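What follows is a set of notes on a single structure, which appears directly below.
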Amino acid sequence: MKIAQLKIKKNSLKILILGSSGQIGSSLKKILSGNKKKYLITCPKRKDLDLTNLKNLRNYLTKNNFDIVINCVAYTRVDDAELNKIEANKLNSKMPLLLAKIAQKKNFILIHYSTDYVFDGKLKKNYCEKSKTNPLNIYGLTKLKGDLNILNQNCKGVILRVSWVYSDKPQSFLNKIEKILLNKKKLSIVNNQIGTPTSSNFIADITKKIIDENIFTKMTLYNLSPRGKCSWYDFAKEYFLNKNIKVDIKPIKSKNILQKATRPYFVNLNSLKLENKLQINFNNWKIVLKSFLKNGK
(Lines give C-alpha, C1' and ligand atoms only; values in the text may rest on other atoms or scores of the structure.)
Protein backbone atom coordinates (compact mmCIF):
# COMPACT_ATOMS: atom_id res chain seq x y z
CA MET A 1 0.00 0.00 0.00
CA LYS A 2 1.68 3.20 -1.18
CA ILE A 3 1.17 6.61 0.37
CA ALA A 4 -0.42 7.73 -2.88
CA GLN A 5 -3.17 5.15 -2.32
CA LEU A 6 -4.16 6.72 0.98
CA LYS A 7 -6.94 9.25 0.97
CA ILE A 8 -4.92 12.43 0.80
CA LYS A 9 -6.32 15.93 0.58
CA LYS A 10 -4.06 18.67 -0.75
CA ASN A 11 -1.06 16.32 -0.50
CA SER A 12 -1.39 16.21 3.29
CA LEU A 13 -2.05 13.23 5.54
CA LYS A 14 -4.97 13.70 7.90
CA ILE A 15 -3.77 12.33 11.24
CA LEU A 16 -5.78 11.98 14.44
CA ILE A 17 -3.79 11.73 17.69
CA LEU A 18 -5.77 10.27 20.57
CA GLY A 19 -4.22 11.11 23.93
CA SER A 20 -2.17 14.07 22.72
CA SER A 21 -1.64 15.41 26.25
CA GLY A 22 0.20 12.30 27.47
CA GLN A 23 3.91 11.48 27.26
CA ILE A 24 4.00 9.94 23.78
CA GLY A 25 1.06 11.96 22.48
CA SER A 26 2.66 15.30 23.38
CA SER A 27 5.89 14.37 21.61
CA LEU A 28 4.00 13.20 18.54
CA LYS A 29 1.96 16.38 18.41
CA LYS A 30 5.14 18.46 18.55
CA ILE A 31 7.10 16.58 15.91
CA LEU A 32 4.25 16.14 13.43
CA SER A 33 2.94 19.68 13.81
CA GLY A 34 6.29 20.92 12.56
CA ASN A 35 5.29 20.15 8.97
CA LYS A 36 1.76 21.44 8.44
CA LYS A 37 1.99 21.02 4.67
CA LYS A 38 2.65 17.30 5.00
CA TYR A 39 0.51 16.49 8.05
CA LEU A 40 -2.90 17.82 9.05
CA ILE A 41 -3.00 17.03 12.76
CA THR A 42 -6.16 16.76 14.84
CA CYS A 43 -5.75 16.55 18.63
CA PRO A 44 -9.18 16.71 20.29
CA LYS A 45 -9.32 17.90 23.88
CA ARG A 46 -11.22 15.95 26.50
CA LYS A 47 -14.06 18.51 26.55
CA ASP A 48 -14.55 17.84 22.83
CA LEU A 49 -14.03 14.07 22.91
CA ASP A 50 -14.20 12.06 26.13
CA LEU A 51 -12.19 8.94 25.30
CA THR A 52 -13.60 7.06 28.28
CA ASN A 53 -16.95 7.08 26.48
CA LEU A 54 -16.52 4.50 23.72
CA LYS A 55 -19.89 5.33 22.17
CA ASN A 56 -18.82 8.94 21.65
CA LEU A 57 -15.51 7.77 20.20
CA ARG A 58 -17.31 5.49 17.74
CA ASN A 59 -19.56 8.33 16.63
CA TYR A 60 -16.63 10.71 16.26
CA LEU A 61 -14.64 8.30 14.08
CA THR A 62 -17.70 7.44 12.03
CA LYS A 63 -18.46 11.08 11.25
CA ASN A 64 -14.87 12.19 10.56
CA ASN A 65 -12.36 10.93 8.02
CA PHE A 66 -8.67 10.37 8.74
CA ASP A 67 -5.82 8.70 6.90
CA ILE A 68 -4.06 7.68 10.12
CA VAL A 69 -5.28 7.32 13.69
CA ILE A 70 -2.57 7.16 16.38
CA ASN A 71 -3.73 5.78 19.71
CA CYS A 72 -1.63 7.07 22.61
CA VAL A 73 -4.36 6.42 25.15
CA ALA A 74 -3.84 3.84 27.89
CA TYR A 75 -4.51 3.22 31.55
CA THR A 76 -0.85 3.30 32.64
CA ARG A 77 -1.13 3.55 36.44
CA VAL A 78 0.22 0.06 37.00
CA ASP A 79 -0.58 -0.28 40.70
CA ASP A 80 -3.98 1.42 40.47
CA ALA A 81 -4.97 -0.98 37.69
CA GLU A 82 -4.98 -3.83 40.22
CA LEU A 83 -7.99 -2.18 41.87
CA ASN A 84 -9.53 -0.47 38.83
CA LYS A 85 -9.74 -3.48 36.52
CA ILE A 86 -12.86 -2.33 34.68
CA GLU A 87 -11.42 1.09 33.77
CA ALA A 88 -8.06 -0.42 32.79
CA ASN A 89 -9.77 -3.00 30.61
CA LYS A 90 -11.92 -0.36 28.91
CA LEU A 91 -8.97 1.81 27.84
CA ASN A 92 -6.37 -0.90 27.26
CA SER A 93 -8.49 -3.65 25.72
CA LYS A 94 -11.96 -2.55 24.60
CA MET A 95 -10.89 0.77 23.09
CA PRO A 96 -8.20 -0.79 20.83
CA LEU A 97 -10.77 -3.33 19.63
CA LEU A 98 -13.18 -0.53 18.73
CA LEU A 99 -10.43 1.37 16.88
CA ALA A 100 -9.40 -1.72 14.93
CA LYS A 101 -12.96 -2.50 13.87
CA ILE A 102 -13.56 1.05 12.65
CA ALA A 103 -10.12 1.11 10.96
CA GLN A 104 -11.11 -1.98 9.01
CA LYS A 105 -14.47 -0.48 8.06
CA LYS A 106 -13.20 3.00 7.13
CA ASN A 107 -9.81 1.85 5.80
CA PHE A 108 -7.58 4.14 7.86
CA ILE A 109 -4.14 3.24 9.22
CA LEU A 110 -4.03 2.47 12.95
CA ILE A 111 -0.89 3.04 15.04
CA HIS A 112 -1.10 1.68 18.58
CA TYR A 113 1.40 1.53 21.46
CA SER A 114 1.88 -1.52 23.64
CA THR A 115 4.21 -2.32 26.54
CA ASP A 116 7.03 -4.60 27.68
CA TYR A 117 4.82 -5.50 30.65
CA VAL A 118 3.14 -8.16 28.50
CA PHE A 119 6.19 -10.31 29.39
CA ASP A 120 7.07 -11.90 32.74
CA GLY A 121 10.81 -11.16 32.57
CA LYS A 122 11.88 -14.78 33.04
CA LEU A 123 13.32 -15.40 29.57
CA LYS A 124 16.90 -14.42 30.55
CA LYS A 125 17.53 -13.09 27.03
CA ASN A 126 16.18 -10.38 24.77
CA TYR A 127 12.48 -10.48 23.93
CA CYS A 128 11.51 -10.43 20.25
CA GLU A 129 8.04 -10.00 18.78
CA LYS A 130 7.42 -13.77 18.79
CA SER A 131 8.48 -14.31 22.41
CA LYS A 132 5.91 -15.89 24.70
CA THR A 133 3.77 -13.38 26.60
CA ASN A 134 2.83 -13.86 30.24
CA PRO A 135 1.83 -10.61 31.99
CA LEU A 136 2.26 -10.48 35.76
CA ASN A 137 -0.24 -7.69 36.47
CA ILE A 138 -3.60 -6.29 35.35
CA TYR A 139 -1.97 -3.49 33.37
CA GLY A 140 0.09 -5.94 31.31
CA LEU A 141 -2.85 -8.33 30.93
CA THR A 142 -5.23 -5.65 29.64
CA LYS A 143 -2.58 -4.26 27.28
CA LEU A 144 -1.96 -7.75 25.88
CA LYS A 145 -5.70 -8.20 25.33
CA GLY A 146 -5.69 -4.92 23.43
CA ASP A 147 -2.83 -6.11 21.21
CA LEU A 148 -4.62 -9.36 20.43
CA ASN A 149 -7.90 -7.56 19.79
CA ILE A 150 -6.19 -5.44 17.15
CA LEU A 151 -4.25 -8.31 15.57
CA ASN A 152 -7.44 -10.35 15.25
CA GLN A 153 -9.04 -7.68 13.06
CA ASN A 154 -8.34 -7.21 9.38
CA CYS A 155 -6.95 -3.68 9.52
CA LYS A 156 -3.68 -2.04 8.45
CA GLY A 157 -1.10 -0.44 10.71
CA VAL A 158 1.44 -1.16 13.42
CA ILE A 159 1.53 -2.02 17.10
CA LEU A 160 4.67 -0.59 18.71
CA ARG A 161 5.76 -2.27 21.93
CA VAL A 162 7.72 0.21 24.07
CA SER A 163 9.41 0.16 27.47
CA TRP A 164 10.10 2.50 30.39
CA VAL A 165 8.79 5.65 28.71
CA TYR A 166 10.03 8.98 30.07
CA SER A 167 9.41 12.60 29.04
CA ASP A 168 9.17 16.12 30.43
CA LYS A 169 5.62 15.49 31.67
CA PRO A 170 4.84 15.49 35.42
CA GLN A 171 4.14 11.73 35.47
CA SER A 172 7.58 10.92 34.08
CA PHE A 173 9.99 8.95 36.30
CA LEU A 174 12.61 11.68 35.91
CA ASN A 175 10.31 14.41 37.15
CA LYS A 176 9.19 12.25 40.05
CA ILE A 177 12.72 11.70 41.35
CA GLU A 178 13.57 15.39 40.94
CA LYS A 179 10.49 16.27 42.98
CA ILE A 180 11.72 13.97 45.74
CA LEU A 181 15.04 15.85 45.74
CA LEU A 182 13.29 19.23 45.90
CA ASN A 183 11.44 18.03 48.97
CA LYS A 184 14.85 17.15 50.45
CA LYS A 185 13.99 13.51 50.75
CA LYS A 186 16.44 10.65 50.27
CA LEU A 187 16.37 8.79 46.99
CA SER A 188 15.97 5.02 47.16
CA ILE A 189 15.62 3.41 43.74
CA VAL A 190 15.13 -0.18 42.66
CA ASN A 191 18.23 -1.85 41.23
CA ASN A 192 16.87 -5.33 40.42
CA GLN A 193 14.37 -4.45 37.70
CA ILE A 194 16.09 -4.36 34.31
CA GLY A 195 14.75 -2.76 31.15
CA THR A 196 15.42 -0.01 28.60
CA PRO A 197 14.55 3.65 29.30
CA THR A 198 12.89 5.15 26.23
CA SER A 199 12.35 8.84 25.57
CA SER A 200 8.87 9.76 24.34
CA ASN A 201 10.61 11.95 21.77
CA PHE A 202 12.57 8.94 20.51
CA ILE A 203 9.29 7.04 20.13
CA ALA A 204 7.71 9.97 18.29
CA ASP A 205 10.71 10.32 15.98
CA ILE A 206 10.63 6.63 15.02
CA THR A 207 6.85 6.78 14.60
CA LYS A 208 7.29 9.67 12.16
CA LYS A 209 9.85 7.59 10.23
CA ILE A 210 7.35 4.74 10.06
CA ILE A 211 4.75 7.10 8.62
CA ASP A 212 7.19 8.65 6.16
CA GLU A 213 8.52 5.26 5.02
CA ASN A 214 4.92 3.99 4.78
CA ILE A 215 5.61 0.45 5.94
CA PHE A 216 1.91 -0.21 6.49
CA THR A 217 0.38 -3.41 5.16
CA LYS A 218 -1.54 -5.78 7.40
CA MET A 219 -1.38 -5.02 11.12
CA THR A 220 2.17 -5.81 12.29
CA LEU A 221 3.76 -5.91 15.73
CA TYR A 222 7.17 -4.31 16.32
CA ASN A 223 9.34 -3.77 19.37
CA LEU A 224 10.49 -0.16 19.71
CA SER A 225 13.19 0.71 22.21
CA PRO A 226 16.79 1.95 22.16
CA ARG A 227 19.62 -0.54 22.50
CA GLY A 228 21.09 -1.60 25.82
CA LYS A 229 19.58 -2.17 29.25
CA CYS A 230 19.89 -0.96 32.83
CA SER A 231 18.13 -0.84 36.19
CA TRP A 232 16.02 2.06 37.40
CA TYR A 233 18.91 2.80 39.76
CA ASP A 234 21.41 2.94 36.87
CA PHE A 235 19.02 5.13 34.88
CA ALA A 236 18.71 7.65 37.72
CA LYS A 237 22.49 7.76 38.21
CA GLU A 238 23.05 8.38 34.48
CA TYR A 239 20.40 11.10 34.47
CA PHE A 240 21.95 13.05 37.35
CA LEU A 241 25.44 12.50 35.93
CA ASN A 242 24.35 14.17 32.67
CA LYS A 243 22.86 17.06 34.63
CA ASN A 244 26.01 17.43 36.75
CA ILE A 245 24.02 16.97 39.94
CA LYS A 246 25.63 15.10 42.82
CA VAL A 247 23.04 12.86 44.43
CA ASP A 248 23.36 10.10 46.98
CA ILE A 249 21.09 7.34 45.70
CA LYS A 250 20.44 4.23 47.74
CA PRO A 251 19.88 1.02 45.71
CA ILE A 252 17.04 -1.13 46.99
CA LYS A 253 15.28 -4.34 45.98
CA SER A 254 11.72 -4.48 44.66
CA LYS A 255 10.58 -6.47 47.69
CA ASN A 256 11.48 -3.52 49.92
CA ILE A 257 8.96 -1.11 48.39
CA LEU A 258 5.18 -1.20 48.57
CA GLN A 259 3.69 -2.02 45.17
CA LYS A 260 0.30 -3.60 44.52
CA ALA A 261 1.35 -4.90 41.11
CA THR A 262 4.13 -7.36 40.40
CA ARG A 263 6.71 -6.12 37.86
CA PRO A 264 8.87 -8.22 35.52
CA TYR A 265 12.49 -8.27 36.66
CA PHE A 266 14.24 -8.45 33.28
CA VAL A 267 12.76 -7.32 29.96
CA ASN A 268 15.09 -6.15 27.20
CA LEU A 269 13.24 -5.65 23.93
CA ASN A 270 14.95 -6.71 20.71
CA SER A 271 14.03 -4.08 18.09
CA LEU A 272 15.98 -5.53 15.16
CA LYS A 273 12.82 -6.29 13.21
CA LEU A 274 11.87 -2.61 13.10
CA GLU A 275 15.47 -1.45 12.63
CA ASN A 276 15.79 -3.70 9.58
CA LYS A 277 12.43 -2.56 8.22
CA LEU A 278 13.45 1.10 8.47
CA GLN A 279 17.09 0.36 7.56
CA ILE A 280 18.45 2.27 10.54
CA ASN A 281 20.29 1.40 13.77
CA PHE A 282 18.74 2.60 17.02
CA ASN A 283 21.02 4.38 19.49
CA ASN A 284 21.90 3.12 22.96
CA TRP A 285 19.60 4.36 25.74
CA LYS A 286 22.41 6.52 27.17
CA ILE A 287 22.76 8.40 23.87
CA VAL A 288 18.98 8.81 23.65
CA LEU A 289 18.96 10.24 27.19
CA LYS A 290 21.76 12.71 26.39
CA SER A 291 19.91 13.85 23.27
CA PHE A 292 16.70 14.25 25.27
CA LEU A 293 18.43 16.42 27.87
CA LYS A 294 20.37 18.45 25.30
CA ASN A 295 17.74 19.35 22.74
CA GLY A 296 14.50 17.60 23.61
CA LYS A 297 14.99 14.83 21.04
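As a basis for the values below, the full set of heavy atoms in this structure was taken, side chains included, without hydrogen atoms, waters or symmetry mates. All figures in this text were calculated on a predicted structure; none of them were measured in a lab.
Residues Ala261 and Arg263 come closest through the heavy atom pair O-NH1, 3.0 Å. The minimum heavy-atom distance between Leu51 and Gly19, with the atom names listed, is CD1-N, 3.9 Å. What you find for Pro264 and Gln193 is that their closest heavy atoms are O-CG, 4.2 Å. The two residues Ser20 and Lys29 have their closest heavy-atom pair at CB-CD, 4.4 Å. Of all the heavy atoms in Ala88 and Ala81, the pair that sits closest is CB-CB, 4.1 Å. Between Asn281 and Glu275 the shortest heavy-atom distance is CA-OE1, 3.2 Å.
Judged by distance alone, with hydrogens and angles left aside, the side-chain atoms of Ser172 form no donor-acceptor pair with the main-chain N or O of Asp168 at under 3.5 Å. At least one donor-acceptor pair under 3.5 Å links the side chain of Glu129 to the backbone N or O of Asn223. Judged by distance alone, the side chain of Thr196 and the main-chain N or O of Gly228 form a donor-acceptor pair under 3.5 Å. Lys90 contributes no side-chain N or O that, together with a main-chain N or O of Tyr75, makes up a donor-acceptor pair within less than 3.5 Å. In terms of modelled atom types and a separation under 3.5 Å, the side chain of Thr198 and the main chain of Trp164 share no donor-acceptor contact. In this structure, Asn56 contributes its side chain and Asp50 its backbone to no donor-acceptor pair below 3.5 Å. In this structure, the side chain of Asn71 does not engage the main chain of His112 through any donor-acceptor pair within 3.5 Å. A donor-acceptor contact shorter than 3.5 Å is absent between the side chain of Gln153 and the backbone of Lys101. Not one N or O on the side chain of Thr42 forms a donor-acceptor pair closer than 3.5 Å with the backbone of Leu40. Ser131 places a side-chain N or O within 3.5 Å of a backbone atom of Cys128 that can act as its donor or acceptor partner.
Ile150 and Leu144 sit in two unconnected hydrophobic clusters of ILVMFWY residues. Membership requires side-chain heavy atoms under 4.5 Å apart, directly or through other members. Both Ile159 and Leu98 sit in one connected hydrophobic cluster of ILVMFWY residues. Membership requires side-chain heavy atoms under 4.5 Å apart, directly or through other members. Hydrophobic clustering (ILVMFWY, side-chain heavy atoms < 4.5 Å, transitive): Ile138 and Tyr113 are in distinct clusters. Val267 is not connected to Val78 by any chain of hydrophobic side-chain contacts under 4.5 Å among Ile, Leu, Val, Met, Phe, Trp and Tyr, and they are in different clusters. Criterion: ILVMFWY side-chain heavy atoms under 4.5 Å apart, direct or through other members. Under it, Leu269 and Leu151 are not part of a common hydrophobic cluster.
Counting only heavy atoms from C-beta outward, the side chains of Ile41 and Leu28 never approach each other to under 4.5 Å. With a 4.5 Å cut-off on side-chain heavy atoms, Trp285 and Pro197 count as touching. The shortest distance between side-chain heavy atoms of Lys38 and Ile15 does not fall below 4.5 Å. Residues Ile206 and Ile280 meet the side-chain proximity criterion, which asks for heavy atoms closer than 4.5 Å. You'll find the side chain of Leu99 reaches within 4.5 Å of the side chain of Leu61, heavy atoms only. Inter-residue side-chain proximity for Ile31 and Thr207 is flagged as unmet; no heavy-atom pair is nearer than 4.5 Å. You'll find the side chain of Phe216 reaches within 4.5 Å of the side chain of Ile111, heavy atoms only. The closest side-chain heavy-atom distance from Lys55 to Arg58 is below 4.5 Å.
The line from CD1 of Ile252 to CG of Asn192 is 9.0 Å long, rounded to the nearest 0.5 Å. How far CZ of Phe292 is from NZ of Lys290: 15.5 Å, rounded to the nearest 0.5 Å. Distance check, rounded to the nearest 0.5 Å: CG of Asn268 to OH of Tyr127 gives 10.5 Å. For the atom pair CG of Leu160 and CG of Leu274, the computed distance is 7.0 Å after rounding to the nearest 0.5 Å. Cys230 contributes atom SG, which lies 8.0 Å from atom NZ of Lys286 (distance to the nearest 0.5 angstrom). Note: Ile245 CD1 to Leu241 CG = 10.5 Å, rounded to the nearest 0.5 Å.
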Derivation of the side-chain contact (heavy atoms from CB on, under 4.5 Å) call for Leu224 and Arg161: CA-CA 6 Å; Leu224 169 54; Arg161 215 163 250 171; over 6 Å; no
Stepwise side-chain contact (heavy atoms from CB on, under 4.5 Å) test for Leu181 and Phe240: CA-CA 11 Å; Leu181 284 181; Phe240 288 118; 3.4 Å; yes
CA sep, side-chain torsions, deciding dist, call: Asp234, Ser231, side-chain hydrogen bond (donor to acceptor under 3.5 Å, both in side chains): CA-CA 5 Å; Asp234 296 327; Ser231 68; 3.0 Å; yes
From CA spacing to verdict: salt bridge (Lys or Arg N to Asp or Glu O under 4.0 Å), Lys143, Asp116: CA-CA 10 Å; Lys143 287 295 291 181; Asp116 58 337; over 6 Å; no
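Taking the six-membered ring for Trp and the full ring otherwise, the centers of Tyr166 and Tyr239 sit at least 6.0 Å from each other.
Counting only N and O atoms by type, the side chains of Gln23 and Ser200 include no donor and acceptor under 3.5 Å apart. The closest side-chain donor-acceptor pair between Lys145 and Asn92, if any, does not fall under 3.5 angstrom. When only modelled atom types and interatomic distance are considered, Asp212 and Tyr39 share a side-chain donor-acceptor pair under 3.5 Å. Asn89 and Thr142 share no donor-acceptor pair across their side chains, judged by distance under 3.5 Å alone. A side-chain donor from one of Asp120 and Asn134 sits under 3.5 Å from a side-chain acceptor of the other.
Around CD1 of Ile86, the count of heavy atoms belonging to other residues, nucleotides or ligands within 6.0 Å does not exceed 12.
Taking the six-membered ring where the residue is Trp, Phe202 and Phe282 present perpendicular rings, their angle passing 60° and hence far from 30°. Taking the six-membered ring where tryptophan is involved, the planes of Tyr139 and Tyr117 are perpendicular, since the angle between them exceeds 60° and thus also 30°.
Partner of Lys106 under the side-chain hydrogen bond (donor to acceptor under 3.5 Å, both in side chains) criterion, out of Asn64, Asn65, Thr62: Asn65 alone. Exactly one of Ser27, Ser26, Ser167 qualifies for a side-chain hydrogen bond (donor to acceptor under 3.5 Å, both in side chains) with Asn201. That residue is Ser27.
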